Amino acid sequence: MEKSILNSVLEFMKASMNDAAHDILHVYRVVNQAMIIAEKYENDVDNDVLLVACLLHDIGRKAQFENPAVCHAQVGADMAYKFLYSLGLKEDYCNKVHHCIKSHRYRTDNEPESIEAKILFDSDKLDITGALGISRTLLYKGQVNEPLYVLDDNHVIYTTEATQPESFIKEYHFKLSKVYDKFYTKEAFSIAQKRKKLTESFYEELIREIDMQKICSIIDI
């Protein structure tokens, strides 16, 4: 891929992200994970399509923040297609990137078909289900999706008034356990199995920390 095109894609991605300091880190982790998985397929993967789809897969999130009914994957796919086409890239290429982004939040009507789309789906899921996933939710500090747990400036966990803390942790843990059977490539499944123990350990540690803070608050330490 020409460096000028890649630079344009990077700038478009950064300009489109709602929470640049955080979500861009997620994008880069997905790119890194995707490239690791793609190495297993050698010549079967169009790395240019995969790279651009990974970089642009979350650009529709700003629209979803403004209107929760919007599917950020669909919006992002449309935005990416128009942008890439405006750069003079071929329609076939734009369509491949569009499909990858549209299907990265897999639904029955958007099942990943290409190997690039499957790798993007796997890479995005691997980042969400890793121990960093719950850290990302905490670091939002209530700005996105109103998480029940947030971190203050001293990295202390505290709860919002919206709901009881246990409900969020249980729901999140349930989602973690369900996504491991959704992977489309055996390489991603292997990575997921290795990461599962880390995720479970992080979850248990978080529960202990929250319980300890509740105890300390009761006895006024």
Side-chain angles (χ1 to χ4, degrees), residues 1 5-38 46-87 89 93-107 109-112 114 116-147 172 175-176 179 182-184 188 191-192:
M1 172 168 287
I5 293 177
L6 181 58
N7 286 338
S8 296
V9 170
L10 284 168
E11 291 305 312
F12 182 66
M13 181 269 287
K14 293 175 183 177
S16 302
M17 302 300 276
N18 191 47
D19 180 6
H22 184 75
D23 282 339
I24 286 177
L25 292 179
H26 165 64
V27 169
Y28 288 150
R29 287 197 300 271
V30 168
V31 171
N32 180 65
Q33 192 70 70
M35 294 303 148
I36 290 174
I37 296 174
D46 187 328
N47 284 321
D48 284 354
V49 170
L50 179 61
L51 174 60
V52 171
C54 287
L55 287 172
L56 301 182
H57 79 279
D58 264 352
I59 59 173
R61 283 197 175 277
K62 185 174 182 179
Q64 190 172 45
F65 295 155
E66 296 170 351
N67 180 6
V70 167
C71 173
H72 84 271
Q74 179 67 64
V75 172
D78 294 342
M79 290 173 61
Y81 180 95
K82 293 177 181 177
F83 173 71
L84 295 172
Y85 194 76
S86 73
L87 293 179
L89 294 167
Y93 177 88
C94 297
N95 278 327
K96 289 179 179 178
V97 173
H98 182 276
H99 175 72
C100 286
I101 297 173
K102 183 178 178 181
S103 63
H104 90 272
R105 275 287 181 265
Y106 169 62
R107 299 294 184 270
D109 57 336
N110 292 325
E111 183 173 355
S114 66
E116 295 84 12
K118 292 176 181 179
I119 291 173
L120 172 55
F121 175 85
D122 285 345
S123 302
D124 191 51
K125 284 290 182 289
L126 283 169
D127 186 58
I128 291 172
T129 59
L132 283 173
I134 202 164
S135 300
R136 289 174 51 219
T137 304
L138 294 172
L139 290 170
Y140 273 128
K141 298 185 178 180
Q143 297 174 16
V144 180
N145 297 330
E146 299 182 357
Y172 194 91
K175 291 178 180 178
L176 289 178
V179 296
K182 298 291 185 182
F183 294 109
Y184 277 82
I191 295 171

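Only this structure's heavy atoms are used, side chains among them; waters, hydrogens and symmetry mates stay out. Just so it is clear, the model here is predicted, and its values are computed rather than measured.
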Say you draw a straight line from [atom1] of [X] to [atom2] of [Y]; how long is it, rounded to the nearest 0.5 Å?
X: Leu56; Y: Ile101; atom1: CG; atom2: CD1; answer: 5.0 Å
X: Ser16; Y: Arg61; atom1: OG; atom2: CZ; answer: 13.5 Å
X: Leu55; Y: Phe12; atom1: CG; atom2: CZ; answer: 12.0 Å
X: His99; Y: Leu120; atom1: NE2; atom2: CG; answer: 10.0 Å
X: Ile119; Y: Leu126; atom1: CD1; atom2: CG; answer: 11.5 Å
X: Met13; Y: Asp58; atom1: CE; atom2: CG; answer: 10.0 Å

What pair of heavy atoms forms the shortest contact from [X] to [Y], and how long is it?
X: Val75; Y: Gly60; value: CG1-CA, 4.2 Å
X: Ile59; Y: Ala80; value: CD1-N, 3.8 Å
X: Ala188; Y: Ile37; value: CB-CD1, 3.9 Å
X: Cys100; Y: Ala117; value: SG-N, 3.5 Å
X: Cys54; Y: Val31; value: CB-CG2, 3.6 Å
X: Phe83; Y: Ser8; value: CZ-O, 3.5 Å

Heavy-atom check, side chain of [X] versus side chain of [Y], under 4.5 Å:
X: Leu84; Y: Val9; result: yes
X: Lys14; Y: Ile24; result: yes
X: Leu50; Y: Met35; result: yes
X: Gln74; Y: His98; result: yes
X: Lys96; Y: Ser114; result: no
X: Tyr81; Y: Asn95; result: yes
X: His104; Y: His72; result: yes

Over 12 non-hydrogen atoms of neighbours within 6.0 angstrom of OH in Tyr93:
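It does: Tyr93 OH has more than 12 such atoms within range.
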Test Leu6 against Leu51 for side chain to side chain contact (heavy atoms under 4.5 Å, CB included), laying out the working first.
CA-CA 9 Å; Leu6 181 58; Leu51 174 60; 3.9 Å; yes
Working note: Leu89 + Val52, criterion side chain to side chain contact (heavy atoms under 4.5 Å, CB included); need CA distance, chi angles, decisive distance, verdict.
CA-CA 12 Å; Leu89 294 167; Val52 171; over 6 Å; no
Would you check if the side chain of Glu116 reaches a backbone N or O of Asp46 as a donor-acceptor pair within less than 3.5 Å?
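Side chain of Glu116 to backbone of Asp46: a pair is present.
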Go through the steps for Glu11 and Asn7 under the test side-chain hydrogen bond (donor to acceptor under 3.5 Å, both in side chains), then give the verdict.
CA-CA 6 Å; Glu11 291 305 312; Asn7 286 338; over 6 Å; no
Quick one: do His26 and Met17 satisfy side chain to side chain contact (heavy atoms under 4.5 Å, CB included)? Show the steps, please.
CA-CA 11 Å; His26 165 64; Met17 302 300 276; over 6 Å; no
For Phe121 and Tyr184, take the angle between the two ring planes, folded into 0 to 90°, and tell me which bin it lands in: parallel under 30, tilted 30 to 60, perpendicular over 60.
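Because their plane-to-plane angle is over 60°, the rings of Phe121 and Tyr184 count as perpendicular.
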